[in-house]
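One-based numbering along the sequence shown. All ligand and atom numbering here is 1-based and tracks the order in the structure.
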Amino acid sequence: MAGTALTESLSPPSVATLAADALRSEVWLTPKPGLVDSANNGSHDDMDLPLFLRSIDAIAPWLHQFQAQGQQDFLQPAPAMLMRIRPAGLACEQAMFGATQGINAHKGGIFSLGLLCTAAGRLSAGHRPLTRQGLCAEVAAMTQGLVERELQHCRQPATAGERLFQAHGMTGARGEVESGFLTLRRHVFPHWYSETHPERRSLNALLRLMAYNPDTNLVARGGLSGLHFVQDYARRLLTSGWQKEDLQQMDQALIARHLSPGGSADLLAVATVLMAFPQ
Ligand SMILES: CC(C)(COP(=O)(O)OP(=O)(O)OC[C@H]1O[C@@H](n2cnc3c(N)ncnc32)[C@H](O)[C@@H]1O)[C@@H](O)C(=O)NCCC(=O)NCCS
Ligand SMILES: Nc1ncnc2c1ncn2[C@@H]1O[C@H](COP(=O)(O)OP(=O)(O)OP(=O)(O)O)[C@@H](O)[C@H]1O
């Protein structure tokens with residue numbers, strides 16, 4: 001069985017390589033509503049595709065670092081891991097900002113994929129099976145209590161994510177990892193094989209994410225009405241069936257409203273990595 005062969009043959013560094021490849025596929029995938037892709041810069045005045053590729057080149061070595069640290073620390077209790085990898089996470093963010101002249105191309109992606117690579121390192125070093133479910137559970141275990149510690153107890157919100165928790169109770173990237181990527185498990189994985197062509201499969205997964213992910217990027221730019229606009233639009237396309245032209249029209253609608261579903265782009269990359277593993 002292909003899935004079993006993958007579990008046995010995936011040597012640890014391959015997961016970090018899969019993650020960098022997933023970031024590259026995500027940015028090349030076109031048309032992506034509101035996001036940077038090969039046709040346009042979506043709702044972003046300060047980013048383009050070459051900037052994303054430079055950012056990925058800067059991040060890639062750190063993804064291996066996360067995995068190595070997961071392997072090295074596999075005997076540590078899971079909840080101790082986030083504190084241990086955060087310095088590498090912040091250094092990776094700095095490397096990204098260095099490559100992009102201070103522009104946030106991948107902050108969310110570094111966070112989610114860094115945790116995923118660490119989880120993979122821990123599972124492989126502990127001779128535990130590298131499965132989708134196991135990886136999601138390990139990410140959840142490593143981030144247990146994160147929303148309470150960093151969002152509920154945050155007195156002076158500094159980031160958009162922290163402000164949006166206070167304003168709307170949105171838990172953003174932290175809530176998604178603490179739930180073991182619940183949005184992916186509930187709304188994306190069960191429908192992954194409903195499309196056979198790889199490009200349509202990725203675009204359909206992105207559409208499903210836009211329909212169901214409580215993306216703090218959308219609320220930061222367009223308020224709750226911005227989030228609902230994107231969710232309603234994506235749900236309509238999922239119901240009626242869609243072609244690339246529909247996504248191009250949706251792109252124009254999001255650009256006109258300055259909306260960008262960046263959190264969904266990040267989760268698409270996470271899904272691409274996780275779908276390389278057996279269930
Ligand atoms: C947790 C991270 C992502 C910071 O999050 P932040 O508060 O800036 O906001 P937010 O939760 O909206 O996430 C930022 C990025 O995550 C992505 N994202 C947004 N929504 C989602 C979602 N629902 N699911 C997954 N990713 C998402 C987007 O790309 C977004 O740009 C990370 O950069 C980090 O750990 N920073 C250190 C911050 C810290 O230690 N603060 C102290 C607490 S007061
Ligand atoms: N292809 C993509 N296009 C745009 N954003 C993406 C893409 N892939 C991932 N993202 C995510 O979107 C986030 C950037 O979104 P955004 O520019 O809205 O954030 P910001 O810089 O914090 O806010 P603003 O630009 O409104 O000041 C990044 O953290 C990144 O992880």
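- With a 6.0 Å radius and a threshold of 12 heavy atoms from other residues, nucleotides or ligands, R186 has its CZ atom at or below the threshold.
- Judged by a 6.0 Å distance limit and a 45° cone about the ring axis, R208 is not positioned over the six-membered ring of W192.
- Classification of E195 and R201 as a salt-bridged pair fails, no side-chain N sitting under 4.0 Å from a carboxylate O.
- A salt bridge links E150 to R174: at least one charged side-chain nitrogen sits closer than 4.0 Å to a carboxylate oxygen.
- The ligand atoms of ligand 1 that sit less than 4.0 angstrom from a heavy atom of T159 are 6 (P), 7 (O), 8 (O).
- Closest to atom 9 (O) of ligand 1, if we only count protein heavy atoms, is G161 CA, 3.2 Å.
- Contacts with ligand 1 closer than 4.0 Å are made by side-chain heavy atoms of L267 only, the backbone lying farther away.
- Note on ring orientation: taking the six-membered ring where Trp is involved, the planes of H187 and Y212 are parallel (angle under 30°, cut-offs 30° and 60°).
- Remark: minimum distance from atom 38 (C) of ligand 1 to any protein heavy atom is reached at R174 NH2, 3.6 Å.
- For atom 11 (O) of ligand 1, the nearest non-hydrogen atom from the set A265, A173, G262 comes from A173.
- Looking only at atom types and distance, the side chain of S55 has no donor-acceptor partner in the side chain of T100 under 3.5 Å away.
- Comment: D73 engages R84 in a salt bridge, judged by a side-chain N to carboxylate O separation of less than 4.0 angstrom.
- Remark: the E176 side chain and the T183 side chain contain an N/O donor-acceptor pair separated by less than 3.5 Å.
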- Apply the test salt bridge (charged side-chain N to carboxylate O under 4.0 Å, His left out) to residues D251 and K244: give CA-CA distance (whole Å), side-chain angles for both, the deciding distance (0.1 Å), then the verdict. CA-CA 10 Å; D251 192 20; K244 274 193 183 178; over 6 Å; no
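- Atom 18 (O) of ligand 2 has R221 NE, 3.1 Å as its closest protein atom, hydrogens excluded (heavy atom only).
- Partners of R128 according to the salt bridge (charged side-chain N to carboxylate O under 4.0 Å, His left out) rule, which considers only residues two or more places apart in sequence or in another chain, are E138.
- Of the polar atoms of P214, at least one N or O is found under 3.5 Å from an N or O of ligand 1, judged by distance alone.
- If you look at A220 next to ligand 2, there are no close heavy atoms at all, none under 4.0 Å.
- The protein non-hydrogen atom at the shortest distance from atom 33 (O) of ligand 1 is E93 OE2, 2.9 Å.
- For atom 14 (C) of ligand 1, no protein non-hydrogen atom is found at a distance below 4.0 Å.
- Under a 4.0 Å N-O distance rule, the pair D21/R24 qualifies as a salt bridge.
- Annotation: S112 places no N or O atom under 3.5 Å from an N or O atom of ligand 1; distance criterion only.
- Shortest contact from atom 20 (P) of ligand 2 to any protein heavy atom: N104 ND2, 3.6 Å.
- The contact set between ligand 1 and D215, taken as ligand atoms under 4.0 Å from a residue heavy atom, comprises 19 (C), 20 (N).
- Nearest to atom 8 (O) of ligand 1 among the protein's heavy atoms is K107 NZ, 3.1 Å.
- Shown in contact with C154 at under 4.0 Å from a heavy atom are these atoms of ligand 1, numbered in order with element: 44 (S).
- Remark: H258 engages no residue in a ring-ring contact (aromatic ring centres under 6.0 Å, His included) (not counting sequence neighbours).
- Here atom 41 (N) of ligand 1 lies nearest to E162 when heavy atoms of E162, H153, R86 are compared.
- The N213 neighbourhood of ligand 1 comprises atoms 22 (C), 23 (N), 24 (N), with distances under 4.0 Å to a heavy atom of that residue.
- The nearest protein atom to atom 27 (C) of ligand 1, hydrogens excluded, is given as G263 CA, 3.6 Å; this is a heavy-atom distance.
- Contact atoms of ligand 1 toward D266: 17 (C), 28 (C), 29 (O) (distance under 4.0 Å to a heavy atom of the residue).
- Those atoms of ligand 1 that come under 4.0 Å of a heavy atom in T216, given as number and element, are 10 (P), 12 (O), 19 (C), 20 (N).
- For atom 30 (C) of ligand 1, the nearest protein heavy atom (residue, atom name, distance) is N217 OD1, 3.0 Å.
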